[in-house]
Amino acid sequence: MEAAGRCSLTGKESSARRRLESIARHLLPPEILVRDLYANPLSAEELSSWDAAPVIIGGMVLDIHAKPSAHPIPGTTTPGKVQYVSGGVARNVAECMSKLGNKPFMISVVGHDVAGDLLLKYWKSAGLPTKGILKLEGITTPVVSNIFDSSGELAMAVASVEAVETFLTPGWIQRFWHNICSAPLLMVDANLNSRSLEVACQIAAGSGIPVWFEPVSVTKSRRIASVVNYITCASPNENELVAMANALSPGIEFSYIQHQASKGKGHSADSLFEMLKPAMCLLLQKGVKLLVVTLGSDGLFLCCREGLSFMKDDLRSRRVGSFGRQLYDLVNESCSSMKHVNFIKSGERSSKFFAFHYPALPASVVSLTGAGDCLVGGILASICNGLDVMQSVAVGTAVAKAAVETQTNVPAKFSPRMVADAAKQILSAAKVFQLE
């Protein structure tokens, strides 16, 4: 009877809490979170009852890929191929993670239209949860039309993603604060409006959850200014990095690298480092612990403060599939990062900020649109699978190579052996720089 009484009481408390949360979402001002109604937002018992799945918040987009088969002539149509591809930065990252052994929880919005139906159909077919994806009448699902040149490089694109900024609201995000508070990490993309970014980051900060900021574009990367105090990691390309630094330092102008000039001159890793060093240092000084600065065919810089660990060991994802376990074992066997970690820990260095240059491996390029997203997806999946940051970035770089060699934004499947072998090659060639 006593046990039955406790169960009955627990059920009543749970029912009362659900009602309270429902009322609060409608009545409370947006700056007050539902979790603020409780002295302890998430107890140890509640944490153990929720799967610690990484949470991804951002856009789900239908991409239209148009690639001419001949040099286009202005003012007329050009023969070629047009394809519909599931896209969106956050969606691509989440799909990539799912194919590397994780089951992320996605928070997004689509419309009741053909594009929304296609995106949700694909999402469900991949066995991924749709609870966090809001489907609304009267809105247009985000669509991006990408036009490529005959070599596979993006020539131009037109993005219609207003639905994410307008309808992926703080209120919808707050509904899933349990998921965020129990996650090993949260990734937000800069398609979110400033208030939604702030609310998502505040929920994560309340439970000490690391936040990864994906800038999306040069223009939207500047939205980091309102949330930089919550950001643990960020993954800009070189131009997004400069835009972020400028947004965070009014009165100081950081210079952009001319992309075409950089390619033509063939800048070395050393010269790229010197050009980007001021902006990288600023982001680290502002509190960002980890920066992954992508350089296209020149690889990337992994920039960090003294410690490379930002994960809470007890919150590593418990939803790791067989692929993730297999990849973890292969990378740990063949891909050691101890040489670099020991350097950071040694007394031989004079700086507390570091950058590691990871080279890009040669690839047979088909399309470049999903490479950056798969890089981030590979890093996050590897971290959640238990690999260290150095190994995870090497895996992400290997996954990005596989992405550029396929037509879709995310490859249909990955080979754990090929990813591990490429990661080993990449990490063994990594070069360390001191930022200060």
Side-chain angles (χ1 to χ4, degrees), residues 56 59-69 80-102 104 106 118-119 121-123 125-128 143-157 189 214 216 235 237 292 294-300 321 323-324 326-327 330-331 358-382 392-423 425-426:
I56 311 296
M60 297 186 77
V61 177
L62 183 65
D63 281 347
I64 301 173
H65 288 186
K67 185 176 180 181
S69 55
K81 291 184 178 181
V82 177
Q83 293 180 309
Y84 295 97
V85 180
S86 295
V89 171
R91 196 219 66 87
N92 290 344
V93 169
E95 182 188 350
C96 182
M97 292 179 71
S98 75
K99 290 179 176 177
L100 294 171
N102 265 246
M106 181 87 186
L118 286 172
L119 289 169
K121 181 178 179 181
Y122 183 87
W123 201 248
S125 71
L128 293 168
V143 176
V144 175
S145 181
N146 300 282
I147 300 175
F148 300 90
D149 60 26
S150 54
S151 67
E153 291 270 8
L154 183 67
M156 68 169 295
D189 81 23
E214 167 49 48
V216 176
S235 44
N237 63 29
V292 177
T294 60
L295 309 168
S297 60
D298 292 313
L300 62 82
F323 185 102
Q326 185 180 0
L327 183 59
L330 287 170
V331 172
Y358 286 63
L361 296 181
S364 301
V365 176
V366 175
S367 174
L368 298 171
T369 55
D373 303 338
C374 284
L375 168 73
V376 175
I379 295 171
L380 297 184
S382 300
S392 297
V393 174
V395 169
T397 308
V399 168
K401 175 187 180 296
V404 304
E405 297 179 329
T406 186
Q407 189 63 52
T408 55
N409 289 326
V410 180
K413 62 180 180 179
F414 297 99
S415 162
R417 173 58 68 182
M418 291 180 66
V419 170
D421 288 347
Q425 186 178 349
I426 292 163

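The figures here come from the full heavy-atom set of this structure, side chains too, leaving out hydrogens, waters and symmetry mates. Everything quoted here is computed from the prediction, not taken from an experiment.
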Tightest non-hydrogen contact, residues Cys374 and Ala400, listed as CB-CA, 4.4 Å

Considering only heavy atoms from C-beta outward, does the side chain of Leu330 approach that of Arg417 to under 4.5 Å?
-> yes

Nearest 0.5 Å please: distance from the CE atom of Met418 over to the CG atom of Leu327.
-> 13.0 Å

Looking only at heavy atoms, which two atoms of Gly378 and Cys96 are closest? And how far apart?
-> N-SG, 3.9 Å

Residue pair Glu405 / Ser364: nearest heavy atoms and the distance that separates them = OE2-N, 3.0 Å

Would you mind reporting whether Lys401 and Ile426 have side-chain heavy atoms less than 4.5 Å apart?
-> no

Validation row: Trp123, Arg91 side chains within 4.5 angstrom (heavy atoms) | yes

Closest non-hydrogen atom pair, Val82 against Ala66 = CG2-CB, 4.2 Å

With a 4.5 Å heavy-atom cut-off, do Pro104 and Leu128 have their side chains touching?
-> yes

In this structure, CG of Asn409 is separated from OG of Ser86 (nearest 0.5 Å) by 8.0 Å

Backbone N or O of His65 within a donor-acceptor pair of the Gln83 side chain at under 3.5 Å?
-> no

Under 4.5 Å between any side-chain heavy atoms of Gln425 and Leu361, yes or no?
-> yes

Identified side chain to side chain contact (heavy atoms under 4.5 Å, CB included) partner of Leu375 from the options Leu300, Val399, Val93 = Leu300

For the side chain of Lys99 and the backbone of Pro411, is there at least one donor-acceptor N/O pair under 3.5 Å apart?
-> yes

Locate the shortest heavy-atom distance separating Leu100 from Ala381; write the atom from each residue and the value.
-> CB-CB, 3.8 Å

Backbone N or O of Val410 within a donor-acceptor pair of the Asn92 side chain at under 3.5 Å?
-> no

Looking at Ala394 and Tyr358, what are the two nearest heavy atoms and their distance?
-> N-CE2, 3.7 Å

Quick one: does Leu368's side chain get under 4.5 Å of Phe148's, heavy atoms only?
-> no

Derivation of the side-chain contact (heavy atoms from CB on, under 4.5 Å) call for Ile379 and Val393 | CA-CA 5 Å; Ile379 295 171; Val393 174; 4.1 Å; yes

Please say which of Val419, Asp421, Val395 ends up in a side chain to side chain contact (heavy atoms under 4.5 Å, CB included) with Val331.
-> Val395

To the nearest 0.5 Å, what is the distance between OG1 (Thr406) and CZ (Phe414)?
-> 9.0 Å

Below 4.5 Å, heavy atoms only, C-beta onward: do Val89 and Asp373 meet side chain to side chain?
-> yes

Polar side-chain atom of Asn146 near backbone of Asp63 as donor-acceptor pair, under 3.5 Å | no

In Å and rounded to the nearest 0.5 Å, what is the OG1 to CD distance from Thr408 to Glu95?
-> 7.5 Å

